[in-house]
Q: 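I'd like to ask you about the structure that follows.
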Amino acid sequence: MQIRLYNTMTRKLEEFKPITPNHVGYYNCGPTVYWDQHLGNMRTFLNADILKRMLLANGYTVNHVMNYTDVGHLTSDEDTGEDKMEKGAARENISVWEVAAKYIKSCERDMASLNILPPTHAVRATDHIKEQIELLQKLEKMGFTYEIPGDGIYYDTSKFPDYGALGGQNLSELKAGARIENNGKRNITDFALWKFSPRDSKRQMEWDSPWGVGFPGWHLECSAMSMKYLGDHFDIHSGGQEHIKVHHTNEIAQSEPIVGKPWVHYWVHWEWLMLKDGKMAKSSGSFWTVQGLIDKGYDPMTYRYLLLLGHYRQPIVFSFESLDAAATGYKNIIRKVADLMNDKSGDTDQDLYQQWHDKILAPVSDNLKTAEALVVIQDLLKDKTVNNTTKLALFGFIDDLLGLQFIDRATKLHKLESVEAPENVKELAQKRLEAKKSRDFALADSLRSEIDSLGWNVLDSVDGFKLVKKQ
Ligand code: AMP
Ligand code: ZN
């Protein structure tokens, strides 16, 4: 099936053509692990997961790399401010290494709760210091670097004629910025490749290097680790949209002089998750996590469903009202899938299966239009010409593609509904039915409470009532 992706570099929707037939090399920028990942961070990892699942559904093998930034990311992406990891350690009064381990674990837990497939390689910057130093040495030999004494080794962006192409930045405007007071940098856009440790104190994370003791600049890790795990050229690189003008622009500047152009074939960027009054951000202090939603009683799949109702190139404003609406929509589908399980008539109709399979996959393959696929799924549920067995088989495919765990949740519901209620509960339900018929609603309500306290839900049905064991 044809796959199209919006490529930030060309600003066009392009047909996807892999470098190696049937295989995709894919790098998605991962989190800085100094705090729990909020729902916004998770939106980027979930988008990456949908992109990967779409490629898998189209028959590709995918080598998916994601980094954990555990060193070098300063509070400003432009190499100024405090070290985020050291800040996290001070906040919690533990070591930087403990901070990294703690928040890698919480990130993995939340990704698993959202049914995000683990990357083929989830790699830590601190495990790849050697590779980063080697890359820097190559850039140094080629004349791209200079030293700011007492600060670090910097990349001279004026040496790279294509600098800024990804963000459509005008080089002469950027160069004009060089006249601005700039902490010793030759150009305003120059960035650190290696930062020296302060002379008067020891950092918790620091390494020897040919230039002195210190730590790598934040952008270097993604160039070094992608080259190690994906080779010199690979297919897709993605990340949050704020990475276009700085982080990814700098990654390109570090990589293309070494491997040649184009280093990456498709650049994909994710829009943000917003709150009413701005971006959901760790720095704002007001953010929600996936675990926070679970603790409030939400099924994490409702958050996944909410995100898939939008498009990755559009912001989504998060609120509990929209989450509740998504939960209702999600549960409606579960209800219908559980009903299919009550009557698995007929065999899978292969022709119809293939037709609907393609109808569902087509919008997702077309630049990840998941919301359109969800509309097709509603049409499938309504279509009386498709038997239940075929529909259930298609839901197996839908779960592989969208990761919404419909079959799992519907199976649980179906099992609960299949449990026979004990006699005393049935009797109470019968009495409630009679109370309702004689319009004694007060009695009917108190009987409902009694049934509820025994662990059962009583539902009205055409032939009287239905008893469903509570989860
Ligand atoms: P960080 O841990 O701050 O480096 O962020 C990890 C990833 O989450 C980056 O790719 C960011 O672009 C992304 N991110 C941060 N905030 C949001 C947000 N509110 N919505 C979507 N993505 C976000
Ligand atoms: Zn990166």
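Since the structure is predicted, the reported quantities are computational estimates derived from the model, not experimental observations. Just so you know, ligand 1 is whichever comes first in the structure, and atom 1 is the first atom listed for that ligand. Side-chain atoms are counted along with the backbone in the values below, which use heavy atoms only and exclude waters and symmetry mates. Numbering starts at 1 and runs along the sequence shown.
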Q: Check each of T32, L39, T44, N67 against atom 13 (C) of ligand 1 and report the one with the nearest heavy atom.
A: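 Residue with the shortest heavy-atom distance to the ligand atom: T44.
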Q: Which atoms of ligand 1 are found less than 4.0 Å from any heavy atom of H243?
A: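 Once the distances to H243 are compared, the set is 9 (C), 10 (O).
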Q: Thinking salt bridges, do D366 and K369 make one under a 4.0 Å N-O criterion?
A: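 Yes.
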Q: Under 3.5 Å, side chain of H38 to main-chain N/O of N41, donor-acceptor pair present?
A: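 Yes; at least one donor-acceptor contact below 3.5 Å.
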Q: What's the shortest distance from atom 19 (N) of ligand 1 to any protein heavy atom, and which residue and atom give it?
A: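 Checked against all protein heavy atoms, atom 19 (N) of ligand 1 sits closest to M280 O, 2.7 Å.
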Q: Output the list of atoms in ligand 1 that are nearer than 4.0 Å to some heavy atom of E242, sorted by atom number.
A: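 Selected atoms, number and element: 9 (C), 11 (C), 12 (O).
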Q: With a 3.5 Å cut-off and sequence neighbours excluded, list the donor-acceptor pairs that the side chains of residues 231-238 form with protein atoms.
A:
from : atom 1 : to   : atom 2 : distance (Å)
H233 : ND1    : P262 : O      : 3.0
H233 : NE2    : V259 : O      : 3.0
D235 : OD1    : I19  : N      : 2.8
D235 : OD2    : G25  : N      : 2.9
H237 : NE2    : E251 : OE1    : 2.7
S238 : OG     : Y26  : OH     : 2.7
S238 : OG     : N28  : OD1    : 2.7

Q: Among protein heavy atoms, which sits nearest to atom 16 (N) of ligand 1, and what does the distance come to when rounded to 0.1 Å?
A: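 In this structure, atom 16 (N) of ligand 1 has K279 CE, 3.2 Å as its nearest protein heavy atom.
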Q: L273 heavy atoms, cut-off 4.0 Å: which ligand 1 atoms fall inside?
A: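 The atoms of ligand 1 under 4.0 Å from a heavy atom of L273 are 18 (C), 19 (N), 20 (N), 21 (C).
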Q: Between H38 and ligand 1, which part of the residue brings a heavy atom under 4.0 Å of the ligand: side chain, backbone, both or neither?
A: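 Contact part for H38 vs ligand 1: side chain (C-beta onward).
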Q: Please name all residues satisfying ring pair (Phe, Tyr, Trp, His ring centres under 6.0 Å) with F196, sequence neighbours left out, ordered by chain then number.
A: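 For F196, no residue satisfies ring pair (Phe, Tyr, Trp, His ring centres under 6.0 Å) once neighbours in sequence are set aside.
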Q: For atom 3 (O) of ligand 1, what's the nearest protein heavy atom and its distance?
A: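 Answer for atom 3 (O) of ligand 1: K282 NZ, 3.9 Å.
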Q: State, to 0.1 Å, how close P31 and C107 come at their nearest heavy-atom pair, and which atoms those are.
A: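 Taking every non-hydrogen atom into account, CG-SG, 4.0 Å.
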Q: Looking at the Zn ion (ligand 2), is there an N, O or S atom belonging to C222 that lies under 2.8 Å away from it?
A: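 Here the distance criterion (N, O or S atom, under 2.8 Å) is met by C222, so yes.
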Q: Any idea which atoms of ligand 1 are less than 4.0 Å away from a heavy-atom of N41?
A: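 What qualifies from ligand 1 is 5 (O), 6 (C), 7 (C), 8 (O), 13 (C), 14 (N), 15 (C), 16 (N), 23 (C).
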Q: Less than 4.0 Å between a side-chain N and a carboxylate O, is that true for E271 and R313?
A: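 No, this pair does not count.
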Q: Is the backbone N or O of L307 less than 3.5 Å from a side-chain atom of R43, with the two atoms forming a donor-acceptor pair by type?
A: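 Absent.
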Q: Can you find an N or O of A281 that's nearer than 3.5 Å to an N or O of ligand 1?
A: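 No - when backbone and side-chain N and O of A281 are compared with those of ligand 1, no distance drops under 3.5 Å.
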Q: After noting the C-alpha distance and the side-chain angles of H64 and Y229, does the key distance pass the ring-ring contact (aromatic ring centres under 6.0 Å, His included) rule?
A: CA-CA 9 Å; H64 171 206; Y229 294 96; over 10 Å; no
Q: Using a strict cut-off of less than 4.0 Å between a Lys/Arg side-chain nitrogen and an Asp/Glu carboxylate oxygen, indicate whether D162 and K261 qualify as a salt bridge.
A: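 Yes, D162 and K261 are salt-bridged.
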Q: Taking the six-membered ring for Trp, are H243 and W218 ring centroids under 6.0 Å apart?
A: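 Yes, they do, as the ring centres are separated by less than 6.0 Å.
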Q: Using a distance threshold of 2.8 Å, state whether an N, O or S atom of H247 lies below it from the Zn ion (ligand 2).
A: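 Under 2.8 Å: H247 contacts the Zn ion (ligand 2) through an N, O or S atom.
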Q: Report the name of the N/O/S atom of E251 located nearest to the Zn ion (ligand 2).
A: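 This turns out to be OE2.
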Q: Just to confirm my output: which protein heavy-atom neighbour is closest to atom 21 (C) of ligand 1, and how far is it?
A: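 Ranked first by proximity to atom 21 (C) of ligand 1 is G40 O, 3.0 Å.
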Q: Taking both backbone and side-chain atoms into account, decide whether H248 has an N/O/S atom under 2.8 Å from the Zn ion (ligand 2).
A: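 Checking H248: none of its N, O or S atoms is under 2.8 Å.
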Q: Evaluate F45 for polar contact with ligand 1, using N/O atom pairs at a separation under 3.5 Å.
A: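 By distance alone, the answer is no.
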Q: Is P31 close to ligand 1, meaning an N/O of one under 3.5 Å from an N/O of the other?
A: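 It does not: no N or O of P31 is found under 3.5 Å from an N or O of ligand 1.
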Q: Could you tell me whether E134 and K130 have a side-chain N and a carboxylate O separated by less than 4.0 Å?
A: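 Yes, charged N to carboxylate O under 4.0 Å.
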